[in-house]
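In what follows, chains are A, B, ... by sequence order, proteins preceding strands, each numbered from 1.
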Protein chains: 2
Amino acid sequence: MLQSMTAAVELTGCTWHDVKAMLHRVGLRPTRQRLALGWFLFGKGDRHVTAEILFGEASRAKVPVSLATIYNTLHQFTDVGLLRRVVVDGSKIYFDTNINTHHHFFAEGENELLDIADGDVLVGNMPKPPDGYETTRTDVIVRLKRKT
Amino acid sequence: MLQSMTAAVELTGCTWHDVKAMLHRVGLRPTRQRLALGWFLFGKGDRHVTAEILFGEASRAKVPVSLATIYNTLHQFTDVGLLRRVVVDGSKIYFDTNINTHHHFFAEGENELLDIADGDVLVGNMPKPPDGYETTRTDVIVRLKRKT
DNA sequence: TTACGTGCAAATAATTTGCAGTCCC
DNA sequence: GGGACTGCAAATTATTTGCACGTAA
């Protein structure tokens with residue numbers, strides 16, 4: 001999976017020690033809560049997580065973390081490039097632990113977000129941005145519904 | 001403005017009378033507020049509108065409409081296919097009066113949404129949906145930032 | 001020590017809802 | 001008249017913020 005980019009090495013299926021190293025690398029103090037959340041996020045491969053989901057996992061695991069800290073941590077991780085924000089519906093924000101170029105399936109009813117392997121979607125003939133602007137990223141969301 | 005001709009006839013650049021006809025066609029009663037909002041929405045070509053924007057326009061035009069009715073109307077119009085929901089950031093929802101297939105530019109800083117003409121983006125090699133699901137729509141959002 | 005982190009509770013922001021009163025057919 | 005529609009205010013939901021206290025370097 002992510003065994004390529006230097007920055008991504010320790011991020012997938014990493015050990016507890018890797019989380020510590022990861023935090024050090026991005027310049028965030030390895031606090032109890034960041035270590036725990038880092039493990040939940042990066043300890044089991046690619047995931048799509050909302051603040052609520054992560055909060056639930058922490059609670060269930062009896063790791064005391066406040067919801068505010070969940071939000072702080074998700075945003076800090078995003079700012080240093082460990083996570084990627086994904087917007088699909090108007091309400092919740094999803095955070096994707098896969099920071100490589102790829103797009104998403106979204107099952108409307110189930111609020112289920114799914115990676116589309118990079119290369120499975122080709123966006124061709126990219127329109128050039130209006131004058132004075134440059135493209136930062138292109139997001140593709142393929143919306144799904146259950147077959148009848 | 002436009003005095004068009006086809007299926008979308010009354011939908012783009014329409015006159016007051018056209019809004020009435022449009023409402024009748026989709027089975028919504030032509031109330032004072034729906035006529036007014038319909039005119040704001042469809043009276044001047046393609047637009048991207050939030051509830052807040054539309055509310056502001058109505059207020060400025062001294063058309064008495066409550067915010068709740070703005071939301072109701074936007075959703076009703078969407079449900080009958082007159083509008084299309086566009087999700088770009090986690091917060092506001094945009095409604096697009098252009099219901100044809102097309103994608104969007106989004107200038108992050110400015111909260112400015114812009115149509116990309118259909119055909120200007122080609123999504124090739126569409127991934128087939130997971131078993132039991134079918135694709136309802138594919139959204140492409142090209143995110144922009146001001147050049148330095 | 002000391003700046004960075006965290007928790008809590010209160011504050012926002014966008015949107016929804018309940019319901020009494022109003023309007024169209 | 002009767003159901004569809006509207007307005008208001010209160011309720012929800014997701015997220016943010018202010019600030020006293022805790023903790024890694």
Whole Å only: how far is the [atom1] atom of [X] from the [atom2] atom of [N]?
X: B/Asp79; N: D/dA4; atom1: CG; atom2: C1'; answer: 16 Å
X: B/Leu23; N: D/dC5; atom1: CG; atom2: P; answer: 10 Å
X: B/Leu54; N: C/dA14; atom1: CG; atom2: P; answer: 15 Å
X: A/Ile70; N: C/dG5; atom1: CD1; atom2: P; answer: 16 Å
X: B/Asn111; N: C/dA13; atom1: CG; atom2: C1'; answer: 13 Å
X: B/Arg34; N: D/dT6; atom1: CZ; atom2: C1'; answer: 10 Å
X: B/Arg85; N: C/dA14; atom1: CZ; atom2: C1'; answer: 14 Å
X: A/Leu74; N: C/dT6; atom1: CG; atom2: P; answer: 12 Å

For a quick test of reading the model: is some side-chain N or O of [X] closer than 4.0 Å to OP1 or OP2 of [N]?
X: A/Ser91; N: D/dT13; answer: no
X: B/Gln76; N: D/dC5; answer: no
X: A/His75; N: D/dT16; answer: yes
X: B/Tyr71; N: C/dT15; answer: yes

Residue pair B/Asn72/B/Lys92 against DNA chain C: nearer the 5' end by closest nucleotide is B/Lys92
Tell me, please, which residues at least two apart from [X] pass salt bridge (charged side-chain N to carboxylate O under 4.0 Å, His left out).
X: A/Arg29; result: none
X: A/Arg47; result: A/Glu57
X: B/Glu52; result: B/Lys92
X: A/Asp139; result: A/Arg84, A/Arg137, B/Arg143

With hydrophobic residues grouped by side-chain heavy-atom distances under 4.5 Å, do B/Leu74 and B/Val19 end up in a single group? yes
Apart from A/Val87 itself, members of its ILVMFWY cluster (side-chain separation under 4.5 Å) are B/Val87
Note: contacts of residues 59-68 of chain A with DNA chain D (heavy atom, under 4.0 Å) are A/Leu67, A/Ala68
With the side chain defined as heavy atoms from C-beta on, A/Ile93 is closest, among C/dG7, C/dT15, D/dT15, to D/dT15
Overall bend of the helix from C/dT1-D/dA25 to C/dC25-D/dG1 (five pairs an end, 10° steps) is 30°
Nearest heavy-atom approach of A/Leu83 to A/Phe42 is CD2-CZ, 3.8 Å
Contact string for nucleotides 19-25 of chain D, one letter per nucleotide 5' to 3', B = base within protein heavy-atom range under 4.0 Å, S = sugar-phosphate only, - = neither, reads ----SBS
For residues 107-131 of chain B, the ring pair (Phe, Tyr, Trp, His ring centres under 6.0 Å) pairs (sequence neighbours left out) are none
So ring pair (Phe, Tyr, Trp, His ring centres under 6.0 Å) across residues 56-92 of chain B, not counting sequence neighbours, yields B/His75-B/Phe95
Hits for ring pair (Phe, Tyr, Trp, His ring centres under 6.0 Å) against A/His104, two or more places apart or cross-chain, chain-then-number order -> A/His48, A/His102
For this session: May I ask you to say whether A/Arg146 pairs ionically with A/Glu110, meaning some side-chain N is under 4.0 Å from a carboxylate O?
Result: yes
So A/His24, base contact, sugar-phosphate only, or nothing? Heavy-atom distance under 4.0 Å. nothing
TODO: Remember a base hit wins even if backbone is also touched, and classify A/Glu52 as base, sugar-phosphate or nothing at under 4.0 Å, heavy atoms.
DONE: nothing
Hits for side-chain hydrogen bond (donor to acceptor under 3.5 Å, both in side chains) against B/Thr31, two or more places apart or cross-chain, chain-then-number order -> none
